[in-house]
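Residue numbering restarts at 1 for every chain, and letters A, B, ... go by the order of the sequence lines. If you're wondering where the values come from, they're calculated on a predicted model, not measured in any experiment.
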Amino acid sequence: MLDIKYILANKAEYADVLKNRHHDFNLDVLVGLDERRRKIIGETEDLKAKRNEGSRKIGSAKNNPGLDVNALKAEIKAMGDKIKSLDAELAEVETELHTHLMTLPNKLSETTPIGNDENDNPVVRKWGKPKKFDFEPKPHWDIAEALGIMDFEKGVMLAQSRFTVLKGLGARMERALVNFMLDMHTKKHGYLEVEPPFMVRSAILEGTGQLPKFAEDLYKLQNDDLWLIPTAEVPLTNLNRETILEEKDLPLYYTAYTPCFRREAGSAGRDVRGLMRQHQFDKVEMVKICTPETSYDELEKLTNNAGEVLEALDLPYRVVNLCSGDIGFGSCKTYDLEVWLPSQNKYREISSCSNCEDFQARRMNLRYRPADGGKIRFAHTLNGSGIAVGRTLIAIIENYQNEDGSITIPKALVPYMDGLERINIR
RNA sequence: GGAGACGUGGCCGAGUGGUCGAAGGCGGUUGACUCGAAAUCAACUGAGCGGCUUGCCGCUCCUAGAGUUCGAAUCUCUACGUCUCCGCCA
């Protein structure tokens with residue numbers, strides 16, 4: 001959520017942001033609502049001041065019983081009725097204003113490029129070289145099914161399409177990757193490991209921006225105000241909601257392994273085969289809470305932390321800077337990490353690292369007290385995949401495939417696989 | 001799930017209808033004392049919103065929501081949470 005004061009004071013600038021994000025909205029609606037709001041506040045506060053004064057008078061009249069306060073009581077009672085109706089009107093206006101503000105996207109960083117779609121995302125850097133195969137590299141679903149480590153039909157049988165069963169060394173490698181990533185972030189990068197709830201209530205999802213706008217992408221429980229988390233970003237970022245942190249305690253680094261649940265509404269027909277786009281997938285997530293001064297440095301570090309996972313696994317990848325037409329609702333700047341997939345002959349998203357500045361902090365009232373004694377300010381929040389586990393499994397299977405259908409285990413992962421160096425056809 | 005108790009500021013804790021944003025304490029900041037520290041003493045120490053003459057004035061907030069009243073931290077109802085006992089259970 002943005003500050004209404006910011007929007008009104010920078011209307012033209014923010015109107016451009018909306019245009020570049022392809023978000024159609026007339027900001028004059030907000031101008032009118034804010035004017036109404038302030039007018040009502042003026043009237044109601046005036047009346048309340050008078051009421052308080054009158055009530056005090058009646059209170060002090062206790063000491064002098066001769067005074068008749070009945071007329072005054074009636075007068076104040078009438079005032080009270082007027083206040084009640086004004087307050088109801090105010091609540092209506094504020095709800096409407098709030099509804100608009102909650103559905104308006106974040107502003108953009110100056111370093112976020114203007115563009116239409118993913119084709120306009122500039123490549124920031126590349127790491128590693130795609131391996132040349134002297135045979136036709138297969139897609140991961142062929143390799144994994146032949147090895148008996150993934151069962152797509154069983155996933156459909158138990159749930160529906162876009163669910164998969166991992167078996168044997170497939171399930172084992174998934175677990176190994178989780179441990180490998182968590183170890184790196186906790187031991188090397190200084191993140192605090194967290195195991196959050198996998199279900200959260202509506203207000204929590206409003207805090208990070210998934211609600212109220214994107215309910216159709218989420219799984220909701222039938223009998224409770226609880227939703228399955230689409231990413232650990234949601235519980236981790238909300239961990240300090242409605243509190244005032246001390247600057248000396250910042251930045252905070254959190255990491256968590258969680259399953260993620262997404263309905264993938266609107267993705268019909270895309271990545272229908274394999275493990276690429278699932279309704280349930282594992283992810284190790286990183287979240288940072290820091291001051292405005294440091295958030296863009298922290299974004300660079302966060303992105304590097306994600307990149308290091310791929311480098312340790314020796315998987316070629318590139319970093320792209322998402323343009324205004326492709327960037328997410330709550331983010332000012334996002335780097336996507338894209339891993340090389342030989343079977344598709346292209347780079348595919350495996351991590352997304354974003355600086356949300358104070359957009360989420362404002363929604364969840366997450367603030368900090370500056371060390372110099374200045375005014376309390378909203379913190380900045382960042383999140384990034386560190387990284388998507390299922391897609392890492394895909395990348396390993398495809399990049400480390402051998403002509404005989406076996407898979408070599410990346411060196412860094414061998415200790416996590418009890419020394420196993422290769423998964424062979426049985 | 002059943003019965004009971006309770007939810008007050010960063011923390012502890014007083015307050016059962018009238019200047020209560022809330023005593024007292026702890027913590028914190030600043031100053032005095034000190035070579036320095038500790039101890040001691042003194043002062044200060046919540047947030048949000050609105051107005052204008054930018055320093056002040058006003059409004060709101062004692063878990064949340066609704067109600068009673070001229071007036072609610074205080075009374076009533078509901079929700080949520082915490083604790084204790086019982087039942088059940090991984």
Side-chain angles (χ1 to χ4, degrees), chain A residues 1-9 30-102 195-207 221 223-227 235 238-250 252 259 289 358-379:
Chain A
M1 185 164 72
L2 292 169
D3 188 355
I4 179 72
K5 287 181 196 154
Y6 160 81
I7 296 178
L8 297 181
L30 300 186
V31 178
L33 283 170
D34 188 60
E35 272 169 13
R36 267 183 74 198
R37 171 179 152 266
R38 291 215 312 275
K39 182 165 166 284
I40 299 169
I41 286 175
E43 287 175 30
T44 189
E45 287 192 351
D46 217 42
L47 282 169
K48 281 176 185 170
K50 281 189 189 130
R51 177 177 69 179
N52 290 345
E53 196 193 344
S55 292
R56 257 176 261 139
K57 248 185 231 166
I58 293 171
S60 56
K62 266 180 150 181
N63 307 326
N64 109 17
L67 220 80
D68 181 29
V69 292
N70 287 332
L72 189 53
K73 275 190 188 179
E75 194 185 320
I76 298 176
K77 173 109 176 137
M79 244 180 243
D81 293 343
K82 178 73 179 161
I83 288 169
K84 200 175 257 184
S85 77
L86 278 175
D87 275 348
E89 200 185 333
L90 179 64
E92 230 170 81
V93 172
E94 285 189 329
T95 301
E96 199 179 335
L97 194 55
H98 188 248
T99 302
H100 285 306
L101 288 175
M102 287 294 275
E195 165 140 334
F198 300 162
M199 293 179 244
V200 296
R201 59 201 170 80
S202 301
I204 302 303
L205 286 152
E206 282 167 10
L221 296 225
N223 297 322
D224 302 275
D225 176 32
L226 287 173
W227 308 68
N238 275 282
L239 223 39
N240 297 285
R241 80 198 318 273
E242 277 150 47
T243 56
I244 301 172
L245 300 164
E246 297 296 330
E247 180 171 354
K248 67 175 164 55
D249 297 327
L250 300 179
L252 295 171
I289 295 164
D358 67 2
F359 186 80
Q360 296 179 323
R362 199 177 288 282
R363 288 169 164 251
M364 62 180 74
N365 207 16
L366 163 58
R367 296 171 294 172
Y368 75 97
R369 200 183 305 279
D372 64 9
K375 253 183 80 93
I376 291 166
R377 306 161 77 190
F378 287 106

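- Using N1 to N3 plus N6-O4 or O6-N4 for Watson-Crick, or N1-O2 and O6-N3 for G-U wobble, each under 3.5 Å, G18(B) pairs with C70(B).
- Rounded to the nearest Å, the gap between the P atom of A42(B) and that of C77(B) is 46 Å.
- Base pairing of G58(B): its partner is C49(B), meeting the Watson-Crick or G-U wobble criterion (both donor-acceptor distances under 3.5 Å).
- As a whole-Å value, the separation of E242(A) CD from G10(B) C1' is 16 Å.
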Inset, instruction - Go through K39(A) and E43(A) one step at a time and tell me if the salt bridge (charged side-chain N to carboxylate O under 4.0 Å, His left out) criterion holds. - result: CA-CA 7 Å; K39(A) 182 165 166 284; E43(A) 287 175 30; 3.4 Å; yes
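- Comparing the same atom, P, in C20(B) and in U68(B) gives a spacing of 26 Å after rounding to whole Å.
- Between C12(B) and G2(B), the two P atoms lie 30 Å apart (nearest whole Å).
- For M79(A), the CE atom counts as densely surrounded, since its 6.0 Å shell holds more than 12 non-hydrogen atoms of other residues, nucleotides or ligands.
- Backbone-only contact: K5(A) has heavy atoms under 4.0 Å from sugar-phosphate atoms and none from a base.
- Between L8(A) atom CG and G50(B) atom P there is a gap of 11 Å when expressed in whole angstrom units.
- Across the protein-nucleic acid pair, K375(A) atom NZ and G46(B) atom P stand 13 Å apart, rounded to whole Å.
- The NZ atom of K5(A) sits 9.5 Å away from atom CG of D34(A), with the distance rounded to the nearest 0.5 Å.
- In this structure, E75(A) places its CD atom 13 Å from P of G71(B), rounding to the nearest Å.
- Between the CG atom of L97(A) and the P atom of C49(B) there is a distance of 13 Å, rounded to whole Å.
- Taking atom C1' in both G4(B) and C62(B), the straight-line distance is 25 Å, to the nearest Å.
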Check the interface with nucleotides 54-61 of chain B: list each N/O to N/O pair with the protein under 3.5 Å, or write none.
residue	atom	partner	partner atom	Å
G58(B)	N2	E45(A)	OE1	3.0
G58(B)	N2	E45(A)	OE2	3.2
C59(B)	OP1	N52(A)	ND2	3.1

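- Across every strand in view, U78(B) sits in a pair with A64(B) that passes the Watson-Crick or G-U test at under 3.5 angstrom.
- Between G54(A) and G42(A), the one whose closest nucleotide on RNA chain B sits nearer the 5' end is G42(A).
- For the pair D225(A) CG and G81(B) P, the computed distance is 11 Å after rounding to whole Å.
- Nucleotide G1(B) forms a Watson-Crick or G-U wobble pair with C86(B), both donor-acceptor distances falling under 3.5 Å.
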Inset, instruction - Given side chain to side chain contact (heavy atoms under 4.5 Å, CB included), test R362(A) with D3(A) step by step and report yes or no. - result: CA-CA 8 Å; R362(A) 199 177 288 282; D3(A) 188 355; 3.4 Å; yes
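- Heavy-atom distances to RNA chain B give each of E94(A) and K77(A) a nearest nucleotide, and the one nearer the 5′ end belongs to E94(A).
- To the nearest whole angstrom, the two P atoms, one in G31(B) and one in C49(B), are 31 Å apart.
- At the heavy-atom level, R201(A) lies nowhere under 4.0 Å from the strands shown.
- At the phosphate of C49(B), neither OP1 nor OP2 sits under 4.0 Å from any side-chain N or O atom of R38(A).
- Judged purely by atom type and a 3.5 angstrom limit, N238(A) uses its side chain to pair as donor or acceptor with the backbone of I204(A).
- Under the 4.5 Å side-chain criterion, counting only non-hydrogen atoms from C-beta, M1(A) is in contact with H98(A).
- Using modelled atom types, one side-chain atom of S85(A) and one backbone atom of K82(A) make a donor-acceptor pair closer than 3.5 Å.
- In this structure, the side chain of R51(A) does not engage the main chain of I83(A) through any donor-acceptor pair within 3.5 Å.
- In this structure, R367(A) does not reach the A47(B) phosphate: none of its side-chain N or O atoms is under 4.0 Å from OP1 or OP2.
- With salt bridges taken as basic N to acidic carboxylate O contacts below 4.0 Å, one links R37(A) and E94(A).
- In a base pair of the Watson-Crick type (N1 to N3 plus N6-O4 or O6-N4) or a G-U wobble (N1-O2 and O6-N3), with each distance short of 3.5 Å, A43(B) is matched with U29(B).
- For I376(A) and U45(B), the CD1 to P distance is 14 Å, given to the nearest whole Å.
- A gap of 15 Å separates the C1' atoms of G81(B) and G65(B), to the nearest Å.
- Comparing the same atom, P, in C59(B) and in G71(B) gives a spacing of 15 Å after rounding to whole Å.
- Between the C1' atom of G48(B) and the CE atom of M1(A) lies a distance of 12 Å, rounded to the nearest Å.
- The side chain of R369(A) lies closest to A47(B) when the candidates are C70(B), G50(B), A47(B).
- Nucleotides A5(B) and C89(B) are separated by 28 Å at their P atoms, to the nearest Å.
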